[in-house]
Trainee: 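Before I ask anything, here is the structure I am working with.
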Amino acid sequence: MIKTVATTPYTDQKMGTAGLRRKSKVVVQPNYVENFMQSIFNVIGNLKGKTFVVGGDGRYYNDIAIQKIIKMAAANGVSRLIIGQNGYMSTPAGSNIILKNKADGGFILSASHNPGGENGDFGIKYSNETGGQIPSAVSDKIYAQTQIVSEYKICDVPDVDLSKIGHQELCGMQIDVIDPVTDYVEMMRGIFDFDAISKLFAAGFTMRFDAMNAVTGPYAKKIFEEILGAPAGSVVNYRPLPDFGGLHPDPNMVYAKDLVNFMFSDQATDFGAANDGDGDRNMILGPKFFVTPSDSLAILTDNFSLIPAYKKGIYGVAKSAATSTAVERVAKEHGIGYYEVPTGWKYFVNLMDSKRITFCGEESFGTGSSHIREKDGIWAVLFWLNIIAAAGKSVEQITREHWQKYGRSYYMRFDFEGVDTAVADKMMADLEAKLPTLSGKTFDNYKVSAAGAFIYNDPVDHSSTKNGLIVRFADGSRIVYRLSGTGSSGATIRVYLERYSQTDLRSDPLKMLTEIFRIAMQISEIPERTGKHQADVIT
Ligand code: G1P
Ligand code: ZN
């Protein structure tokens, strides 16, 4: 039943910040998934005795791609697959299943926070036995393989029924279809004080969780409503849909519009949160109040002792270079290790495995801990609920008291989308050449203290990665420039701005950052080069 099929390479199968991500229209081309998967299997090599975890966020093509992967895994000699029922599994749940079963890796079918559907995006994330996504050295090898792949192996059988939980066999490979929610719920129960959170809801606390018609709906319904007793209807948009019901499942101020409007209305619940397509991102809101992900990381870290699983102490904390420096001050206060890494969760994995860090986060609505090796949306929401329950304070109170103690990093990200790739590359190259000459120069009242590329030397595997450009000012303000590595067409230039104040804690972030924005545009010449005077998305 095993067939070998001839194929020819696609030139565009290079993985970005988090796996392979392309327009659905590209991925549905003949042999597109097959070529990519065969290249991965070729790089792994001997698959006998190996177990992989497979699932996805339920977006368009999830059902078709997963059947191809199952049949190819069997044909390539994989011993066992653990698959989420109906092919569903969130990214954090997948990481947990890999670790819990000591599997050799896993595949999550998702383009994360990118829109889905026939006209949206599709993607494949590949994790290894760490439960985290593979390092760049491995993805480089896979990319090289995609350039020469000439045949793939597939088991020529009808589709596997993934609707029923249980065991089956396919071409000599074992398949276990599991409920992807159960293990995840147990893990969360082992970390947080569910009793305290239940009491909070029993006392009348209200929340709204927007699952954005994506994968976390069933997890959220189970945890927040069924187990913790949040009022029925607290979880909205909880049915995963192939096109996310037309939503752009990116939990931020721009795309989670309904939730944001609701939380800024007089009807707002005490707490608001959302997750992204595959459940690894989170957004936290209080009534008429938004917590930036950078502040959230700092606040969670500062409050580790309120959480049962962390109260005995934590290792250090890490953030991506683009994330604000708020958590650096917390690390200093607690005397724990502090690391700055390139953008992308995979850079946290070595730090977690070597027990250098417990918590980590990115400005892009990602927060997590070493309980798994991916960021974890529901974990962050539960962490906030646990702090609120233990401290008896609101989201806004907790955040304002934090600023009172540590000062406030005003922080925003400006995205310039759909830029011609050549224009964006040239802009970054010219900027990189220019930055070292800016040191000591003053723009308005901002004096540049250092400027150049961000280079990360991994303390564990000693690899070196260059990611983005940073301009640092004498007063602690910063500009970071990066090109996105998750888009599916053209280039997106990201400009991250930060300004710190110890005393001015109640200003409007946009106002506080106006001058730095102007300086960021002047230095980079983005308006002149791209014709864009405004960012397309501001978060
Ligand atoms: C974006 C975010 C980054 C995150 C990644 C995957 O990558 O900026 O922090 O790790 O998505 O969720 P980018 O498009 O900037 O390369
Ligand atoms: Zn995601």
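Predicted model, so just to flag it, every value in this text is computed and none were measured. As the structure lists them, so they are numbered: ligands from 1, and atoms in each ligand from 1.
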Trainee: Angle at the Zn ion (ligand 2), OG of Ser112 to OD1 of Asp280, rounded to 10 degrees, please.
Mentor: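 Result: 160°, to 10°.
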Trainee: Is Tyr315 atom OH crowded by more than 12 heavy atoms from other residues, nucleotides or ligands, each under 6.0 Å away?
Mentor: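 For Tyr315, atom OH is not crowded (no more than 12 foreign heavy atoms under 6.0 Å).
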Trainee: Please tell me whether Thr367 and Asn282 have a donor and an acceptor in their side chains that are separated by less than 3.5 angstrom.
Mentor: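 Short answer, yes.
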Trainee: Would you say Thr17 and ligand 1 have an N/O pair spaced under 3.5 Å apart?
Mentor: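 It does: an N or O of Thr17 is found under 3.5 Å from an N or O of ligand 1.
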Trainee: Pick whichever of Thr492, Thr343, Thr91, Thr323 has a heavy atom sitting closest to atom 3 (C) of ligand 1.
Mentor: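 The option holding the nearest heavy atom is Thr343.
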Trainee: Kindly say whether the aromatic ring centers of Phe359 and Phe304 come within a distance under 6.0 Å.
Mentor: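 No - the distance between ring centres of Phe359 and Phe304 does not fall below the 6.0 Å cut-off.
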Trainee: What protein heavy atom sits nearest atom 4 (C) of ligand 1, and how far away is it?
Mentor: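 Going by distance alone, atom 4 (C) of ligand 1 is nearest to Glu362 OE1, 3.4 Å.
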Trainee: N/O of Arg482 under 3.5 Å from N/O of ligand 1, yes or no?
Mentor: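 Between Arg482 and ligand 1 (N or O atoms, distance only) the closest approach is under 3.5 Å.
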Trainee: So, Asp458 and Asn350: side-chain donor and acceptor under 3.5 Å apart, yes or no?
Mentor: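 Checked: Asp458/Asn350 side chains pair up, N/O donor to acceptor below 3.5 Å.
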Trainee: Can you tell me if Gln133 has a non-hydrogen atom under 4.0 Å from ligand 1?
Mentor: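 No.
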Trainee: Check whether the side chains of Thr343 and Arg494 place a donor and an acceptor atom closer than 3.5 Å, and report yes or no.
Mentor: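 The answer is no; no qualifying pair exists.
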Trainee: Should Arg494 be counted as touching ligand 1, given the test is an N or O pair under 3.5 Å?
Mentor: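 Indeed, backbone or side chain, Arg494 has an N or O that close.
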Trainee: Which of the atoms in ligand 1, numbered in the order shown and given with their element, are less than 4.0 Å from a heavy-atom of Arg413?
Mentor: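 With Arg413 as reference, the close atoms of ligand 1 come out as 8 (O).
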Trainee: Any N or O on Gly485 sitting closer than 3.5 Å to an N or O of ligand 1?
Mentor: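 Yes; at least one N/O pair falls below 3.5 Å.
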Trainee: Please name the atom of Asp278, restricted to N, O or S, that is closest to the Zn ion (ligand 2).
Mentor: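 Atom name returned: OD1.
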Trainee: Which of the N/O/S atoms in Asp276 sits closest to the Zn ion (ligand 2)?
Mentor: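 For Asp276, the N, O or S atom at the smallest distance from the Zn ion (ligand 2) is OD2.
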Trainee: Tell me which protein heavy atom sits closest to atom 1 (C) of ligand 1, plus the residue, atom name and distance to 0.1 Å.
Mentor: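 Result: Arg281 NH2, 3.6 Å.
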Trainee: Can you sort out which atoms of ligand 1 are near Gly344, meaning under 4.0 Å from one of its heavy atoms?
Mentor: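 Those atoms are 10 (O).
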Trainee: Evaluate Lys375 for polar contact with ligand 1, using N/O atom pairs at a separation under 3.5 Å.
Mentor: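 Checking ligand 1 against Lys375, an N or O pair does fall under 3.5 Å apart.
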Trainee: Tell me, yes or no, whether the heavy-atom count around Lys332 atom NZ, taken from other residues, nucleotides or ligands under 6.0 Å, exceeds 12.
Mentor: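 At most 12 heavy atoms, drawn from other residues, nucleotides or ligands, come within 6.0 Å of this atom.
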Trainee: Could you walk me through whether Lys426 and Asp430 pass the salt bridge (Lys or Arg N to Asp or Glu O under 4.0 Å) check?
Mentor: CA-CA 6 Å; Lys426 174 98 172 53; Asp430 291 349; 2.8 Å; yes
Trainee: Just do the salt bridge (Lys or Arg N to Asp or Glu O under 4.0 Å) check on Lys375 and Asp276 with the steps written out, would you?
Mentor: CA-CA 11 Å; Lys375 53 191 179 251; Asp276 73 331; over 6 Å; no
Trainee: Counting neighbours of NZ on Lys141 that are heavy atoms of other residues, nucleotides or ligands and sit closer than 6.0 Å, is the number greater than 12?
Mentor: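 Result for NZ/Lys141: open.
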Trainee: For ligand 1, which part of Thr486 has a heavy atom less than 4.0 Å away: the side chain, the backbone, both, or neither?
Mentor: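 Both of them.
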Trainee: Tell me whether the guanidinium CZ or amine NZ of Lys532 lies under 6.0 angstrom from the six-membered ring centre of Phe416 and within 45° of its axis.
Mentor: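 No; the conditions do not both hold, so Lys532 does not lie above the ring face of Phe416.
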Trainee: Side chain, backbone, both or neither: which applies to Ser364 and ligand 1 if a contact is any heavy-atom pair less than 4.0 Å apart?
Mentor: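 The side chain, only.
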Trainee: Where does Lys346 meet ligand 1, judged by heavy-atom distances below 4.0 Å: at the side chain, the backbone, both, or neither?
Mentor: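 No part of Lys346 comes within reach of ligand 1.
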Trainee: Quiz question: by atom type and distance under 3.5 Å, do the side chains of His402 and Asp295 form a donor-acceptor pair?
Mentor: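 No, Asp295 and His402 have no side-chain donor paired with an acceptor closer than 3.5 Å.
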